[in-house]
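Working notes, beginning with the structure itself.
Small disclaimer: the values here were computed from a predicted structure and weren't measured. Residue numbering restarts at 1 for every chain, and letters A, B, ... go by the order of the sequence lines.
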Amino acid sequence: MNQETEKYPPNFIRHIIERDVAEGKNGGAVMTRFPPEPNGYLHLGHAKAICLSFGLARDFGGATNLRFDDTNPIKESMEFINAIKRDIAWLGFEWQQEKYASDYFPELYDFAERLIGEGKAYVDSLDAEQIRQYRGTLTEPGQDSPYRDRSVDENLDLFRRMRAGEFKDGEHVLRLKIDMASPNINLRDPTIYRIRHVAHHQTGNQWCIYPLYDYTHCLSDSLEGITHSLCDLSFEDHRPLYDWVLDELAMNLHPQQIEFSKLNLQYTMMSKRKLRQLVEQGIVDGWDDPRLPTIAGMRRRGYPAATIRDFCRRIGVTKSDNNVELALLESCIRDYLDPQAPRRMGVIDPLKVVIENYPEGETEMLEIANHPKDDAMGTRQVAFGREIYIDRADFREQANRKYKRLVTGGEVRLRGGYVIRANEVIRSDEGEILELRCSYDPATLGVNPEGRKIRGVIHWVSARASLAAEIRLYEPLFTVDNPDGVADGAEEAYRDLINPDSLVVKHGFVEASLAQAVEDDRFQFEREGYFCLDVRHSTPDQPVFNRIVGLRDSWAKIEQASS
RNA sequence: UGGGGCGUCGCCAAGUCGGUAAGGCACAAGGUUUUGAUCCUUGCAUUCGGGGGUUCGAGUCCCUCCGCCCCAGCCA
């Protein structure tokens with residue numbers, strides 16, 4: 001599946017753009033932008049926005065700019081800028097230009113002076129608390145600031161002195177003069193410049209006043225030639241302001257802001273702010289913790305980029321609230337990996353099996369296909385010997401007919417190998433099963449025995465010629481299907497929602513060929529799931545594998561239903 | 001209770017001028033299978049938040065009610 005064939009299904013934004021292009025609006029051009037603030041890492045929700053903005057532009061022969069919305073230097077850093085660029089590129093998208101809102105600080109300043117000159121902006125000297133009080137409430141209109149009617153000259157003078165650094169943080173702000181009684185609170189004289197004596201990661205100490213989002217974004221879009229400015233629904237109420245600024249300044253290009261609903265994923269926290277708390281408080285192991293929905297986390301978890309693109313395509317784009325099931329994401333991963341992940345064997349919860357009638361000290365190499373349906377993927381040699389490991393879940397001392405694995409006195413096939421029979425269980429003094437004594441049927445390699453049907457096949461690994469490996473199993477980080485909703489408000493509320501078993505570290509064994517695994521390799525451990533090497537934790541003598549996702553498990557359902 | 005949005009199957013989501021409910025995931029039942037995987041087949045909304053109305057005909061138009069989400073940063 002390459003990018004060219006990744007067609008997106010129809011959605012309302014696509015319809016709007018189709019119509020615009022058909023009508024020749026903007027000369028038929030389509031230019032979008034992806035505008036992250038560099039104050040954190042990108043996550044799946046951003047991936048949705050990225051696929052949308054980049055995908056739409058691409059489909060209409062346009063392009064997309066990456067623009068860092070860097071108007072608030074105190075929260076931003078180069079680390080985040082670099083991480084964001086790396087993540088977008090990894091996702092498979094190329095931006096036309098790398099821009100920064102800070103690139104436009106000079107123009108933005110000039111526009112502000114113009115607005116002041118036209119009596120459309122004024123310097124307010126109320127403090128933050130007073131401004132809040134004057135703003136009114138959702139149901140009551142606000143009141144004009146006593147500074148609202150300052151003369152143009154006074155405003156200009158004050159604004160220039162703000163810019164010159166004559167005032168301390170918070171002493172004055174620049175506000176748009178719109179309507180303090182507007183039912184839309186965003187129009188009640190929004191603040192567009194504040195004083196902040198801090199260095200900026202791009203502009204250093206050139207500025208001590210910084211413009212705010214509502215003023216900056218629309219103008220940046222217009223200056224950049226953006227035709228369609230896509231954002232999430234929380235900005236819907238800001239659109240009148242977006243349009244107001246562009247109209248009052250009579251900008252040549254008036255981009256169209258279109259809002260869509262942001263993504264919610266069940267059992268997943270999807271807000272940058274809260275993700276940041278998880279990282280800063282050490283609840284997870286960094287922004288790239290495999291349990292996080294960050295692009296970096298998903299990459300480390302082993303999700304292929306194409307899988308994330310496919311997911312974004314499948315969830316669609318609407319204005320409805322949503323809470324997508326994890327099963328959909330998992331389905332995307334399995335669909336992508338199944339045809340192309342080489343098969344290997346790995347035993348996660350090892351139980352030693354001694355095959356008593358197999359010669360001691362002997363090892364034979366079994367040739368096993370790398371993929372059940374794709375011969376082109378070839379075969380590999382897997383060591384087999386007298387002692388092997390199987391998974392504890394694949395043996396029971398007794399079980400009903402439904403259980404198709406190894407039972408005392410019964411037979412099972414070792415994948416790619418022989419049929420074995422369980423003869424005896426060896427236990428410790430405490431009663432724990434230590435190992436199994438089995439026998440094998442030498443005549444069953446590659447052929448089925450006569451007169452009896454072997455119902456089960458289990459995976460295994462040689463005890464002598466395998467590799468000890470750490471295997472990390474992941475479950476959702478949260479125990480509720482809408483942690484963002486539940487954990488709102490109280491600072492520590494989400495702590496109680498953390499799933500204590502979100503990471504389970506197992507010590508197992510994998511076939512020796514996995515010693516060659518490198519970053520970006522992805523395997524299916526037969527009957528277990530898809531795994532990749534965790535380069536961060538692996539050491540030369542002990543690889544660490546992350547379970548990307550398990551296989552579908554209809555047996556688990558059967559078992560659960562009967563218990 | 002001011003303003004702005006949204007409500008089509010368990011979860012997503014198509015649904016152009018009103019013409020008689022796509023698809024995916026999930027689920028269920030069969031079949032194939034040396035992965036209880038994959039694959040294949042089949043099933044899965046007489047109904048579109050509720051109630052009225054217009055119409056030969058409404059998810060699509062009108063009225064009304066209900067529910068949910070967003071907004072009171074010198075954050076984005």
Side-chain angles (χ1 to χ4, degrees), chain A residues 9-11 15 35-37 39 69-72 74-75 124 126-128 131-133 135-142 169-175 182-188 190-196 210 212-214 216-217 231-240 259 261 266 272-273 313-332 334-335 338-339 343 345 368-369 371-373 402-405 413-417 419 444 446-448 454-459 481 485 524-529 550-559:
Chain A
N11 62 56
H15 289 319
E37 183 187 12
N39 67 344
D69 226 328
D70 56 349
T71 55
N72 189 5
I74 60 176
K75 291 168 33 183
D124 198 350
L126 253 26
D127 64 31
I131 286 179
R132 191 179 65 73
Q133 283 167 357
R135 187 155 33 229
T137 69
L138 293 177
T139 51
E140 300 163 285
D169 288 9
E171 264 189 81
H172 307 284
V173 293
L174 185 69
R175 293 230 255 167
S182 172
N184 180 345
I185 292 186
N186 297 116
L187 262 22
R188 319 242 263 231
T191 299
I192 60 171
Y193 268 96
R194 80 290 225 185
I195 301 171
R196 281 247 210 289
Y210 292 98
L212 277 95
Y213 169 86
D214 284 305
T216 306
H217 206 90
C231 60
D232 77 70
L233 279 174
S234 62
F235 293 100
E236 218 164 9
D237 292 340
H238 295 243
R239 188 171 3 113
E259 313 84 10
S261 58
Q266 294 190 353
K272 218 198 254 178
R273 204 191 91 238
R313 177 173 38 248
R314 292 206 223 178
I315 56 174
V317 178
T318 67
K319 298 175 78 163
S320 319
D321 288 336
N322 60 76
N323 199 12
V324 179
E325 290 178 340
L326 250 12
L328 183 63
L329 213 209
E330 293 175 347
S331 170
C332 293
R334 296 189 188 111
D335 280 359
D338 176 63
R343 310 288 118 126
M345 290 194 285
I368 301 181
H371 192 102
K373 294 183 152 177
K402 279 190 166 173
Y403 188 79
K404 302 197 302 190
R405 311 174 190 183
R413 174 174 293 281
L414 296 178
R415 168 110 253 224
V419 169
T444 54
V447 290
N448 285 321
I454 308 300
R455 299 172 58 235
V457 178
I458 63 173
H459 57 101
D481 71 7
Q524 184 196 95
F525 287 2
E526 295 212 42
R527 303 208 313 131
E528 292 288 4
L551 257 29
R552 280 186 69 215
D553 189 356
S554 55
W555 166 244
K557 283 172 208 154
I558 295 170
E559 267 211 305

Next item on the list: Report which part of the nucleic acid A/Thr191 touches: base, sugar-phosphate, or nothing (heavy-atom distance under 4.0 Å, all strands).
Entry: sugar-phosphate

Check: Got a sec, which residues hit side chain to side chain donor-acceptor pair (under 3.5 Å) with A/Arg552, two or more places apart in sequence or on another chain?
Finding: none

Next item on the list: Searching all strands shown, indicate the nucleotide that pairs with B/rC9 (Watson-Crick or G-U wobble; both distances under 3.5 Å).
Entry: none

Next item on the list: Would you please confirm or rule out a distance under 4.0 Å between OP1 or OP2 of B/rG73 and any side-chain N or O of A/Arg175?
Entry: no

Check: If we take the P atom in both B/rG24 and B/rC39, what is their distance in whole Å?
Finding: 12 Å

Notebook entry, point to check: If only atom types and distance count, is the side chain of A/Arg413 paired as donor or acceptor with the main-chain N or O of A/Thr444 below 3.5 Å?
Noted result: yes

Next item on the list: Please step through side chain to side chain donor-acceptor pair (under 3.5 Å) for the pair A/Asn184 and A/Ser182, ending with a clear verdict.
Entry: CA-CA 5 Å; A/Asn184 180 345; A/Ser182 172; 5.5 Å; no

Checklist line | Test ring pair (Phe, Tyr, Trp, His ring centres under 6.0 Å) applied to A/His238 - qualifying residues, sequence neighbours left out | finding: A/Phe235

Check: Over how many whole Å does the gap from A/Asp232 atom CG to B/rC6 atom P extend?
Finding: 15 Å

Check: Are any of the side-chain nitrogens in A/Arg196 or A/Asp169 under 4.0 Å away from the carboxylate oxygens of its partner?
Finding: no

Notebook entry, point to check: Of all the nucleotides listed (B/rG2, B/rC70, B/rC74), which has the minimum atom distance to the side chain of A/Ile131?
Noted result: B/rC74

Notebook entry, point to check: In whole Å, what is the span from the CD atom of A/Glu259 to the P atom of B/rC6?
Noted result: 10 Å

Next item on the list: Indicate whether OP1 or OP2 belonging to B/rC27 is found under 4.0 Å from a side-chain N or O atom of A/Lys557.
Entry: yes

Notebook entry, point to check: Does the B/rU35 base have a donor-acceptor partner in the side chain of A/Gln524 within less than 3.5 Å?
Noted result: yes

Notebook entry, point to check: Rounded to whole angstroms, how far apart are CE on A/Met345 and C1' on B/rU35?
Noted result: 10 Å

Check: What about A/Asn184: does its side chain form a donor-acceptor pair under 3.5 Å with the base of B/rG4?
Finding: no

Next item on the list: Establish, with yes or no, whether the OP1 or OP2 oxygen of B/rC71 is under 4.0 angstrom from a side-chain nitrogen or oxygen of A/Ser234.
Entry: no

Check: Which nucleotide in the list B/rA72, B/rA76, B/rG2 gets nearest to the side chain of A/Tyr213?
Finding: B/rA76

Checklist line | Shortest side-chain distance from A/Val457, nucleotide among B/rC71, B/rA76, B/rU34 | finding: B/rU34

Next item on the list: Could you tell me the separation between the CZ atom of A/Phe235 and the P atom of B/rG5, rounded to a whole number of Å?
Entry: 17 Å

Checklist line | A/His15 side chain near B/rG15 phosphate (N/O to OP1/OP2, under 4.0 Å) | finding: yes

Notebook entry, point to check: Looking for any heavy atom pair under 4.0 Å, which part of the strands does A/Phe525 touch: base, sugar-phosphate only, or nothing?
Noted result: nothing

Next item on the list: Could you work out the separation of B/rU34 and B/rA29 based on their C1' atoms and round it to a whole Å?
Entry: 25 Å

Check: Who is the Watson-Crick or G-U wobble partner of B/rG2, with both distances under 3.5 Å?
Finding: B/rC71

Checklist line | Side chain proximity check, A/Met345 to A/Phe525, heavy atoms < 4.5 angstrom | finding: no

Check: Is A/Thr71 touching bases, backbone alone, or none of the nucleic acid, heavy atoms closer than 4.0 Å?
Finding: sugar-phosphate

Next item on the list: Tell me which nucleotide among B/rC70, B/rG36, B/rU35 gets nearest to the side chain of A/Arg343.
Entry: B/rU35

Margin query: I'd like to know if A/Arg334 reaches the base of B/rU38 with its side chain such that a donor and an acceptor end up less than 3.5 angstrom apart.
Written below: no

Checklist line | First encountered from the 5' end of RNA chain B, between A/Arg135 and A/Lys402 | finding: A/Lys402

Check: Counting side-chain heavy atoms from C-beta on, which of B/rG2, B/rU35, B/rA37 comes nearest to A/Pro183?
Finding: B/rG2

Check: Which residues satisfy the ring pair (Phe, Tyr, Trp, His ring centres under 6.0 Å) test with A/His459, sequence neighbours excluded?
Finding: none

Checklist line | Distance between C1' atoms of B/rG53 and B/rG73 (Å, rounded) | finding: 47 Å

Check: Rounded to whole angstroms, how far apart are CD on A/Glu330 and P on B/rC27?
Finding: 10 Å

Check: For residues A/His172 and A/Asp124, is any side-chain donor paired with an opposing acceptor at under 3.5 Å?
Finding: no

Note to self: Between the base of B/rG4 and the side chain of A/Arg239, is one N or O donor paired with an acceptor at under 3.5 angstrom?
What the structure shows: no

Checklist line | Basic-acidic side-chain contact under 4.0 Å: A/Asp335, A/Arg314 | finding: yes

Checklist line | Between B/rG43 and B/rC6 - P atom distance, rounded Å | finding: 35 Å

Next item on the list: Produce a footprint string for nucleotides 7-13 of chain B: one letter per nucleotide, 5' end first; B if the base is under 4.0 Å from any protein heavy atom, S if only the sugar-phosphate is, - if neither.
Entry: S--BSSS

Notebook entry, point to check: Just how far, in rounded Å, is C1' of B/rA76 from CG of A/Asn186?
Noted result: 12 Å

Note to self: When the P atoms of B/rA13 and B/rC65 are compared, how many Å lie between them, rounded to an integer?
What the structure shows: 28 Å

Notebook entry, point to check: Hey, is the main chain of A/Ala327 close enough, under 3.5 Å, to the side chain of A/Ser331 for a donor-acceptor pair?
Noted result: no

Item checked: Distance between P atoms of B/rC74 and B/rC11 (Å, rounded) -> 38 Å

Note to self: Any base atoms under 4.0 Å from A/Leu326, or only sugar-phosphate, or nothing? Heavy atoms, all strands.
What the structure shows: nothing

Check: Does a side-chain N or O from A/Arg188 land closer than 4.0 Å to OP1 or OP2 of B/rG73, or not?
Finding: no

Item checked: First encountered from the 5' end of RNA chain B, between A/Leu138 and A/Glu236 -> A/Leu138

Next item on the list: Select base, sugar-phosphate, or nothing to describe what A/Gly142 touches, counting heavy atoms under 4.0 Å on all strands.
Entry: nothing

Next item on the list: Without swapping roles, check the side chain of A/Thr137 against the backbone of A/Glu140 for a donor-acceptor pair under 3.5 Å.
Entry: yes

Check: Counting only Watson-Crick or G-U wobble pairs whose two distances fall under 3.5 Å, which nucleotide matches B/rA28?
Finding: B/rU42

Margin query: Any base atoms under 4.0 Å from A/His172, or only sugar-phosphate, or nothing? Heavy atoms, all strands.
Written below: nothing

Margin query: Could you check whether the side chain of A/Arg527 and the base of B/rU35 have a donor-acceptor pair of N or O atoms closer than 3.5 Å, going by distance alone?
Written below: no

Next item on the list: In whole angstrom, give the distance that lies between atom CD of A/Glu140 and atom C1' of B/rG2.
Entry: 10 Å

Notebook entry, point to check: Any salt bridge between A/Arg239 and A/Asp214, counting N to O under 4.0 Å?
Noted result: no

Next item on the list: Name the nucleic acid region contacted by A/Ala327, choosing base, sugar-phosphate or nothing; use a 4.0 angstrom heavy-atom cut-off, strictly under.
Entry: sugar-phosphate

Next item on the list: Write down the distance separating the P atoms in B/rA37 and B/rG5, rounded off to the nearest Å.
Entry: 48 Å

Next item on the list: Once you apply the 3.5 Å cut-off to both distances, tell me the Watson-Crick or G-U wobble partner of B/rA22, or none.
Entry: none

Check: Between A/Asp237 (CG) and B/rG73 (P), how many Å, whole number?
Finding: 14 Å

Can you give me the N/O atom pairs linking the protein to nucleotides 39-43 of chain B at distances under 3.5 Å, or say none if there are none?
from: B/rC39; atom 1: O4'; to: A/Lys373; atom 2: NZ; distance (Å): 2.8

Notebook entry, point to check: Are the side chain of A/Asn323 and the backbone N or O of A/Asp481 linked by a donor-acceptor pair below 3.5 Å?
Noted result: yes

Next item on the list: List for me each residue that meets salt bridge (charged side-chain N to carboxylate O under 4.0 Å, His left out) alongside A/Arg415, sequence neighbours excluded, and say none if there are none.
Entry: A/Glu526

